[in-house]
Amino acid sequence: MAPKDAVVSLTFPDGSSRQFEAGVTAGDVAASISTSLRKKAISATVDGEHYDLAWPIEQDAAIAIHTMQDEVQANELIRHDLAHIMARAVQEIWPDTKVTIGPVIRDGWYYDFDRAEPFTPEDLGLIEKKMKDIINKRDPVTTEVWDRARAISHYEDLNEPYKVELINGIPGDEPLRMYWHGDWQDLCRGPHLQHTGQVPGDAFKLMSIAGAYWRGDSDRAMLQRIYGVAFTGKEKLRAHLHMLEEAAKRDHRKLGREMDLFHMQEEAPGQVFWHPNGWQIYTELQDYMRRQQRRGGYVEVNTPQVVDRKLWEASGHWEKYQEHMFIVEVDEEHAREKAVNALKPMNCPCHVQIFNQGLKSYRDLPLRMAEFGSCNRYEPSGALHGIMRVRGFTQDDGHIFCSEDQIEEETAVYIDYLSTIYRDLGFEKFRVKFSDRPEKRSGSDAVWDKAEEALLAATRKAGIEPEMNPGEGAFYGPKLEFVLTDAIGRDWQCGTHQVDFVLPERLDATFIGADGNKHRPVMLHRACLGSFERFIGILIEEHAGKLPFWLAPRQVVVASIISDANEYVDEVVRDLRAAGVRAEADTRNEKINYKVREHSVGKVPVILAVGAREVEERTVTVRRLGEKQTAVESLEAVTKTLSRDATPPDLL
RNA sequence: GCUGCUGUAGCUCAGAGGUAGAGCACUCCCUUGGUAAGGGAGAGGUCGAGAGUUCAAUUCUCUCCAGCAGCACCA
């Protein structure tokens, strides 16, 4: 505690500074500037830290006072206060409910409760109503600092075991902050608003109920989590809900049906039945990737689907992932010893087998080996999600066998390679995460130090500062994850790049160095798309089904307006096909309105309408998806344009 | 896998303890129409699977399967 007569110097955003008595609060500071600011103030940033108006400031600092106009801070406070208000509402309605934690998340907050009865969707309405009552009461929000013993005995008296555990988990003997929203109290770091009436009562909504493990640990209690969203005003809430509605229309599962791309069914959960349209996307993408791999200096291989467990034991996958493998046994009556195989869940051990054939020289390195590798994994049922998380998938897999001093260069080259591909596919921006050593892992700490260091250095050298993702690496090495997001903003790891010193050791891969001795290669595991299934799912959602022309499964429909034009329609289709365009005729006995609507819904990028005029003039009327106006062009010109549009970006 | 919810025609959904309905899609007929649904007729369902309660179950109960949201997992 600062001495009583001590002063602190606070510097404002405009650069001016003023002296205050030590222990002054941001609320006092706001009041000293003007009464209107005192009323409008909601919090402050003090030396970069978000401060409650009621917290004392003991040292010289930079200070900025926030009002509801400061969206970032206002949202944080509103959402955080709503978490408390919701918990209070729940305990007022169901007093035997135990509270746990309730953090702010993107667009809102959640709070986890332990209650014997499940919450129902109707309960959400009840809770919301109670929350609005609390907001209308304008109850003061107050805070106190308690010592640990008092806090623990307080929560023991209240029979709130989760809070007791939380306090015990807070390191050191630091004092704990308690907050009151009216009479209702919660352990909380803060900051908060000054009274519940500051929360806009019409700009929040409880969204859903779901299960969540206490402390994220699947061995512990399953709690009930209620999610809410909140904003500074009801217009923003409305816009958010509207955005969610629009995003739902881009869901690849919905578009997959509407565009007749694929389906899935009970008999093969987590596996895709690709329809002609969907398979067209897939093969076009695969052709593109195959060209890229050649450009990138990869050799393409193919390896077996059914492989003896011995190989998976040797690689270490059996031990860690056995229950997630499809086991294949042959029921042969006279077999003395039944072989147990696994459908390959990944390609790396098989690639090492190819590397291990014959002797490899340092002159062969880096050896870049690629496979469109079909894998099967028995993913937990709850993990399955459309074609994004499946049990049967094909990776654009690749392994670079290299020496340690080639890691950096190969990583840099790979990041550049991946960036080009993502750009071609319509992803200008993507996120990169760096995941380091997990708790359960193979290999010594020295090896991990080396691998993490090399990967991080190469990434930074490539001009990328990755987001840190501690403890999330593979069991054999650290990884870079290239993350794309789906329609509603969920993250999906697509590309990956991993450094591995472990597998070459376990599977005894060697090369002969310049010194004539055997050396261990390093393996870089990498995939660009990740899996075709997931990437196509992301592509569909990113483009809302309106894929770039070269990837669109159906590129052009030539539609007749009158049946006398049918012959010419067929001719147009022939010309376009000869020029490498995926064209089809629609000469059904239907009105042009009907045809235009149907193919627009089917996301066909170009409709060429043909009536008496076009037949006469040897033209077509072009209508592009999403555009209202049409243009008349000569058959020759259109064929030329569309032929160019149909050319993949790497071949232009 | 866990918590909660859902499963009726190809799709979107309604329905009720007495064995099923709509719209769109589909088939046929009429219509030759100029840029997002022309008109008429017809066909189409063991109501996810199994068991139980009941005179009677698709409807109620249980188990299983699959899907959805979230959590956990993701080599």
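Chain letters run A, B, ... following the sequence lines, proteins first and then strands; every chain starts at 1.
Between B:U12 and A:Arg257, a contact under 4.0 Å exists linking OP1 or OP2 to a side-chain N or O. Taking 4.0 angstrom as the limit, A:Arg225 places none of its side-chain polar atoms (N or O) nearer than this to OP1 or OP2 of B:G4. Phosphate proximity of B:A69 to A:Arg253: present, with a side-chain N or O under 4.0 Å from OP1 or OP2. Residue A:His599 places none of its side-chain N or O atoms closer than 4.0 Å to OP1 or OP2 of B:U35. Distances shown here put a side-chain N or O of A:Lys479 below 4.0 Å from the OP1 or OP2 atom of B:A75. Checking the phosphate oxygens (OP1, OP2) of B:C73, no side-chain nitrogen or oxygen of A:Arg389 falls inside 4.0 Å. Distances shorter than 4.0 Å separate some side-chain N or O of A:Tyr594 from OP1 or OP2 on B:A25. Dashed line: the shortest gap from a side-chain N or O of A:Arg490 to OP1 or OP2 of B:G70 is under 4.0 Å. Checking the phosphate oxygens (OP1, OP2) of B:G70, no side-chain nitrogen or oxygen of A:Ser208 falls inside 4.0 Å.
In this structure a side-chain-to-backbone donor-acceptor pair under 3.5 Å is present from A:Glu541 to A:Ala487. A donor-acceptor pair under 3.5 Å is formed between the side chain of A:Glu533 and the backbone N or O of A:Thr394. In terms of modelled atom types and a separation under 3.5 Å, the side chain of A:Glu246 and the main chain of A:His242 share no donor-acceptor contact. Checked by atom type and distance alone, the side chain of A:Arg534 pairs as donor or acceptor with a backbone atom of A:Met388 at under 3.5 Å. Counting only distance, with no hydrogens or angles, the side chain of A:His252 and the backbone of A:Ile387 share a donor-acceptor pair below 3.5 Å. Between the side chain of A:Asp586 and the backbone N or O of A:Ser560 there is no donor-acceptor pair closer than 3.5 Å.
To the nearest whole angstrom, the two P atoms, one in B:C2 and one in B:A14, are 28 Å apart. Between B:G45 and B:C30, the distance separating the two C1' atoms is 30 Å to the nearest Å. For the C1' atoms, the distance from B:A9 to B:C26 is 11 Å, rounded to whole Å. Here, B:A51 and B:A56 have their P atoms 15 Å apart, quoted to the whole Å. Between B:U58 and B:U46, the two P atoms lie 13 Å apart (nearest whole Å). Taking atom P on both nucleotides, B:U59 is separated from B:G23 by 26 Å, rounded to a whole Å. Straight-line distance between the P atoms of B:U6 and B:C62: roughly 13 Å, to the nearest whole Å. Taking the P atom of each, B:C60 and B:G17 are spaced 9 Å apart, rounded to whole Å.
The base-pairing partner of B:A37, taking Watson-Crick or G-U wobble contacts with both distances under 3.5 Å, does not exist among the strands shown. When both distances must be under 3.5 Å, the Watson-Crick or G-U wobble mate of B:G17 does not exist. Applying the Watson-Crick and G-U wobble criteria (two distances, each under 3.5 Å), B:G52 pairs with B:C60. For B:G1, the paired base is B:C71 (Watson-Crick or G-U wobble, both distances below 3.5 Å). When Watson-Crick and G-U wobble pairs are counted only if both distances are under 3.5 Å, B:C26 pairs with B:G42.
Evaluation of atom-type donor-acceptor distances gives no pair under 3.5 Å for the side chain of A:Thr120 against the base of B:G4. In this model, a side-chain donor or acceptor of A:Ser563 finds a partner on the base of B:U32 within 3.5 Å.
Under the 6.0 Å distance and 45° angle rule, A:Arg391 counts as a cation-pi partner of A:Tyr378. Figure legend: A:Arg225 and A:Tyr110 shown as a cation-pi pair, the cationic atom lying under 6.0 angstrom from the six-membered ring centre and within 45 degrees of its axis.
Side-chain proximity of A:Tyr227 to B:G34, B:C71, B:A36: nearest is B:C71. In the set B:U35, B:G67, B:C74, B:G67 carries the atom at the smallest distance from any side-chain atom of A:Leu384. In this structure, of B:A36, B:A75, B:G34, it is B:G34 that holds the atom nearest to the side chain of A:Glu614. Side-chain proximity of A:Glu266 to the nucleotides B:G38, B:A75, B:G7 is greatest for B:G7. Candidate nucleotides B:C71, B:A69, B:A75 were compared by shortest atom distance to the side chain of A:Tyr213, and B:C71 ranks first. The A:Met222 side chain lies nearest to B:U3 when the options are B:A75, B:U3, B:G34. You'll find that the side chain of A:Phe475 is closest to B:A75, out of B:U35, B:A75, B:A66. When each of B:A75, B:U3, B:U35 is scored by its nearest atom to the side-chain atoms of A:Met325, the top-ranked nucleotide is B:A75.
Across all strands, A:Gly626 comes closer than 4.0 Å to no nucleic acid atom at all (heavy-atom distances). In this structure, A:Tyr476 reaches the sugar-phosphate backbone alone: every heavy-atom distance under 4.0 Å involves primed, P, OP1 or OP2 atoms, never a base.
The residue among A:Glu472 and A:Val632 whose nearest nucleotide of RNA chain B lies closer to the 5′ end is A:Val632. Along RNA chain B, the nucleotide nearest A:Gln265 and the nucleotide nearest A:Ala210 are compared for position; the residue whose nucleotide lies closer to the 5' end is A:Gln265.
One can place CG of A:Leu223 at 21 Å from P of B:A69, the figure rounded to the nearest angstrom. For A:Lys254 and B:U12, the NZ to P distance is 8 Å, given to the nearest whole Å. Across the protein-nucleic acid pair, A:Glu590 atom CD and B:C24 atom P stand 13 Å apart, rounded to whole Å. In this structure, CG of A:Asp217 is placed 16 Å from P of B:C2, rounded to the nearest angstrom. Atom CG in A:Leu480 sits roughly 14 Å away from atom P in B:A75 (whole-Å rounding). Taking atom NE2 of residue A:His385 and atom C1' of nucleotide B:A66, one finds them 16 Å apart after rounding to whole Å. Between the P atom of B:C11 and the CE atom of A:Met259 lies a distance of 18 Å, rounded to the nearest Å. As a whole-Å value, the separation of A:Asp112 CG from B:C71 C1' is 9 Å.
Salt bridge annotation for A:Lys163-A:Glu165: absent, with no cationic side-chain nitrogen under 4.0 angstrom from a carboxylate oxygen.
Residue A:Tyr321 and nucleotide B:A75 are classified as a stacked aromatic pair, their ring centres being separated by less than 5.5 Å at an interplanar angle below 30°.
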